[in-house]
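This report concerns only the one structure given below.
The chain is numbered in sequence order, starting from 1. Keep in mind that the numbers below use all heavy atoms, side chains included, and drop hydrogens, waters and symmetry copies.
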Amino acid sequence: MENISHLSREKFLDCNWNFDLSQDEHYGYSSIMRSLQATARNMLEEGKTDEHRIFELLSRVASMMLVPSSINEPFKPIFQDFEQGRRSLIPDDLNAQELSFLESIIEDINEPYLKARLADLVWLLKKPRNPNFAKLAIDAYSSIVINEELWNRGVGICWERATQLSLQLRDSERLATIKSELFSAFLLQYPNQKLMNFWIADLLHRLKIDHEIREKMATNLQEQAKNLKVGRDFNLARSYYELAGKLFQKSSLEDQRVECLYEIAQSFELEAELNASQSNLLANTYFENAIHAYRKIPAKYREDFSVENKILEIRAKKTKSGKATLDEMVMVQTKDVDISELVKASIEHVSGKEKAHQAITYLTGLYSGPNYDDLVEQSKALIQESFFSNLFAKTKMSSDGRVIAKTPGISPGVNNDSAISAVLDSKLHENFAIQVQVAVQGRIIPALRQLLKEHRFTQELLTLICEQSPLVPKDRVNLLGHALWLGFEENFSVAIHLLCPLIEHIVRVELKNNGAHTTTIDSEGIENENGLSTLMKLDKAIPTFGENLAFEIKSIFTESLGFNLRNEVAHGLLNDNSANSIASIYAWWMILRLVVLSVRTGQAINK
């Protein structure tokens, strides 16, 4: 057993550790961790090896990320290397002696972040559980001063954790104190951080502890939204209006909720007109958003706000800006196999956009997807030019050695209709695969990385885009928004595992809307939904999606001669490397393109 005699409360106290850092330099637990690491180094330099090990342990304890939304696993490793099988500390790594030491020094620590961390860990790990440690953690977390500069440096999640623990313990007294403190902070003004009031209100709303103060918060948020709108901070104003509307709705104040809906729609319209002189593409998007927003106003209120006339006016403006957008388009070309010019043009195409959502629109406009008729002509020409190579059958194998597709050879002097058709089909997917590779390496990746230098893309923004899209089912908005956001995190491996079932559901919904039967009834009368491969073989598939998009969906997701991502994901065939493949990146971008295009045009599918 490891010798842990160095874990002494007396040795810790003898070091007289203290933490004193200015507000500008304070970054929550990361600052605590660095202070503890510095003390550990000092102890080592002084030859105090036991004290060095004590502060090394404390620094690793402070390093863990706090995830307050999780009841069972609120602490995550700050570092994780899946390839090497390494990670930083998690609670389960602590042994009984280390936990006992942490417990012994809790009352000796005045620094609230560290005190809360130790008490929380003891509450989480020690058996049987002692609620007193949870209460110590709550008190320490909620003693951290609510500050606009530090809210996103750890203050917000500490208060959220304190609230979650209070709810878990059903400690009504502490919960009431927390609610009172947060609401008092909400009522203050924060000139240096316009989102501060929103963050606090959103926290109270998400944790469902805003019952008695909900109406007051909604009214306050609505008033702040009006001021932001007057100041032309439309995006932030909409955030405030949206939250105010939710709170009014929960308070059964429908008139006030509808006022917020109207203000959101009007803000899109005003922003479109403001941007029309600079970018018709951006204005067109805002006009479309305005139409969608006006449509959210319930029918019985539409006459009061002249909604139908508003929509007609905006449609006319949208048509005008849509035509003008063509003049703003940039043609992206490449030469031979050298894609350097293509990369440069792609970066220029997306650079310098003022807003993140505008940048996303330009990102999706880099490439329009495959042209099926052109691919057919190119593939036929290649077959004629390389007839000898097509005499022999071909086999396509997976990365683990399985035969996943075969293409027959073309025998001279024999009826080759079926063989030629199969070879042509193979060539179509081969040529498209080349286009995908060029699109990803020459366009999508360079443009995406340029945008990540210039903008911050939030999950909320991607969810909002999905919410405005007629293509995205309303009960899949958050899922798809999260999946698309993961692409901007360059986490394509997780994104593709969400996107495959989501695109299958979208295809199913569109086919049903077009009158297709998407289920199969077996001999016992059990009705099962068909998978994506079967759905794309239905007669309604091409009329629903058009020849180009139908081919693109099949080649990326369902065809064994193509990338076949749906099958790879469904059967767990993607590994850590293949999940981040060019196909995964293209699939993410393709779905983002379809969603953004549907928002711009107001049509789920644009053939």
Does a side-chain heavy-atom distance below 4.5 Å link L188 with E148? no

Could you check if a side-chain atom of W199 sits within less than 4.5 angstrom of a side-chain atom of D202, using non-hydrogen atoms only? no

Does R9 make a cation-pi contact with F101, if we ask for NZ or CZ under 6.0 Å from the ring centre and within 45° of the axis? no

Supply the atom-to-atom distance R566 CZ to I496 CD1, rounded to the nearest 0.5 angstrom. 12.5 Å

dist L175:CG -> L169:CG (nearest 0.5 Å) comes out at 10.5 Å

May I have the step-by-step check of salt bridge (charged side-chain N to carboxylate O under 4.0 Å, His left out) for E529 and K512, ending in yes or no? CA-CA 12 Å; E529 287 285 359; K512 283 182 177 180; 3.0 Å; yes

Do we see a donor-acceptor contact under 3.5 Å between the side chains of Q164 and Q168? no

With a 3.5 Å distance limit and no angle check, can you tell me whether H52 reaches the backbone of A40 through a side-chain donor-acceptor pair? yes

Give a yes or no on whether a salt bridge exists between K474 and E467, defined as a side-chain N under 4.0 angstrom from a carboxylate O. no

Go through Q222 and Y240 one step at a time and tell me if the side chain to side chain contact (heavy atoms under 4.5 Å, CB included) criterion holds. CA-CA 7 Å; Q222 186 181 32; Y240 272 81; over 6 Å; no

Run the ring-centre check on W485 versus F488 and record whether the distance is less than 6.0 Å. no

Please say whether more than 12 non-hydrogen atoms of neighbouring residues, nucleotides or ligands are located less than 6.0 Å from NZ in K453. no

Are the side chain of W159 and the backbone N or O of L203 linked by a donor-acceptor pair below 3.5 Å? no

Is a salt bridge present between R238 and E263, judged by a nitrogen-to-oxygen distance below 4.0 Å? no

Any chance you could lay out the side chain to side chain contact (heavy atoms under 4.5 Å, CB included) test for F55 and F12, step after step, and finish with the verdict? CA-CA 8 Å; F55 281 93; F12 168 74; 3.8 Å; yes

S267 and Y241, any side-chain heavy atoms less than 4.5 Å apart: no

Under 3.5 Å, is there a donor-acceptor pair between the side chain of W588 and the main chain of L484? yes

Are Y141 and V155 packed together at the side-chain level, in the sense that at least one heavy-atom pair is separated by less than 4.5 angstrom? no

Backbone N or O of I90 within a donor-acceptor pair of the D93 side chain at under 3.5 Å? yes

Cationic tip of R257 within the cone over F248's six-membered ring, i.e. under 6.0 Å and within 45° of the normal? no

Under 3.5 Å: donor-acceptor pair, side chain of T177, backbone of E173: yes

Heavy-atom check, side chain of I360 versus side chain of H455, under 4.5 Å: no

State the CD1-CG distance between I503 and L498, to the nearest 0.5 angstrom. 13.0 Å

Q256 atom CD, neighbour heavy-atom count above 12 within 6.0 Å: yes

Gap between atom CG of L236 and atom NZ of K229 - 0.5 Å precision: 14.0 Å

Establish, yes or no, whether a centroid distance under 6.0 Å links the rings of F19 and Y113. no

Over 12 non-hydrogen atoms of neighbours within 6.0 angstrom of NZ in K246: no

Between L121 and M64, is any pair of side-chain heavy atoms under 4.5 Å apart? yes

Within a 6.0 Å radius of atom CG on D255, are there more than 12 heavy atoms belonging to other residues, nucleotides or ligands? yes

Under the side chain to side chain contact (heavy atoms under 4.5 Å, CB included) test against C500, which residue among I556, L565, L532 passes? L565

Exercise: identify the closest heavy-atom pair between A218 and L247: CB-CB, 3.6 Å

Taking the six-membered ring of F79, is NZ or CZ of R87 closer than 6.0 Å to its centre and within 45° of its axis? no

L261 and K296: which non-hydrogen atoms are nearest, and at how many Å? CD1-O, 3.7 Å

For L221 and A244, the nearest pair of non-hydrogen atoms, with its separation, is CB-CB, 3.9 Å

Please confirm whether the backbone N or O of P501 pairs with a side-chain atom of H505, one donor and one acceptor, at under 3.5 Å? no

Just by distance, do the side chain of Q193 and the backbone of L195 share a donor-acceptor pair under 3.5 Å? yes

Taking NZ, NE, NH1 and NH2 as the nitrogens, is one of them in E504 or R508 under 4.0 Å from a carboxylate oxygen of the other? yes

Quick one: do F563 and Y586 satisfy ring pair (Phe, Tyr, Trp, His ring centres under 6.0 Å)? Show the steps, please. CA-CA 10 Å; F563 294 102; Y586 184 87; 7.8 Å; no

Output yes when a side-chain donor or acceptor of W17 lies under 3.5 Å from a complementary backbone atom of I109, and no otherwise. no

For R174 and D139, run salt bridge (charged side-chain N to carboxylate O under 4.0 Å, His left out): C-alpha distance rounded to whole Å, both residues' side-chain angles, the deciding distance at 0.1 Å, then the answer. CA-CA 8 Å; R174 281 180 169 81; D139 294 341; 2.9 Å; yes

Any side-chain heavy atom of R117 within less than 4.5 Å of one from L66? yes

Side-chain contact test, heavy atoms from C-beta onward, threshold under 4.5 Å: evaluate it for Q459 versus T463 and give yes or no. yes

From L448 atom CG to F492 atom CZ, the distance as rounded to the nearest 0.5 Å: 5.5 Å

Looking only at the side chains, is there a donor atom on one of H482 and N478 sitting less than 3.5 Å from an acceptor on the other? no

Quick one: pull up CD1 in I178 and OG1 in T163 and give me the separation to the nearest 0.5 Å. 4.5 Å

So does K11 get a backbone contact from the side chain of D50, meaning a donor-acceptor N/O pair under 3.5 Å? no

Could you check whether the rings of F183 and F186 sit parallel, tilted or perpendicular, using 30° and 60° as the cut-offs? parallel

Could you check whether atom CD of E460 has more than 12 heavy atoms from other residues, nucleotides or ligands sitting under 6.0 Å from it? no

Go through the steps to decide whether R41 and E45 satisfy the test salt bridge (charged side-chain N to carboxylate O under 4.0 Å, His left out), and finish with yes or no. CA-CA 6 Å; R41 287 193 298 271; E45 290 172 0; 6.0 Å; no

For the residue pair T558 and S533, what are the closest heavy atoms and their distance? CB-OG, 3.5 Å

Closest non-hydrogen atom pair between I209 and K179, with its separation: O-CE, 2.9 Å

Taking all atoms of both residues into account, what is the closest heavy-atom pair of I144 and P112, and its distance? CG1-CB, 3.9 Å

Using side chain to side chain contact (heavy atoms under 4.5 Å, CB included), reason through Q80 and S88 one step at a time and then give a plain yes or no. CA-CA 6 Å; Q80 194 157 9; S88 57; over 6 Å; no

In sequence, state the C-alpha distance, the side-chain angles, and the governing distance for K135 and L165, and then conclude on side chain to side chain contact (heavy atoms under 4.5 Å, CB included). CA-CA 8 Å; K135 293 175 182 178; L165 285 171; over 6 Å; no

Okay, side chain of S184, backbone of S180: is any donor-acceptor separation there less than 3.5 Å? yes

Taking CD in E73 as the centre, count heavy atoms belonging to other residues, nucleotides or ligands within less than 6.0 Å. Is the count above 12? no

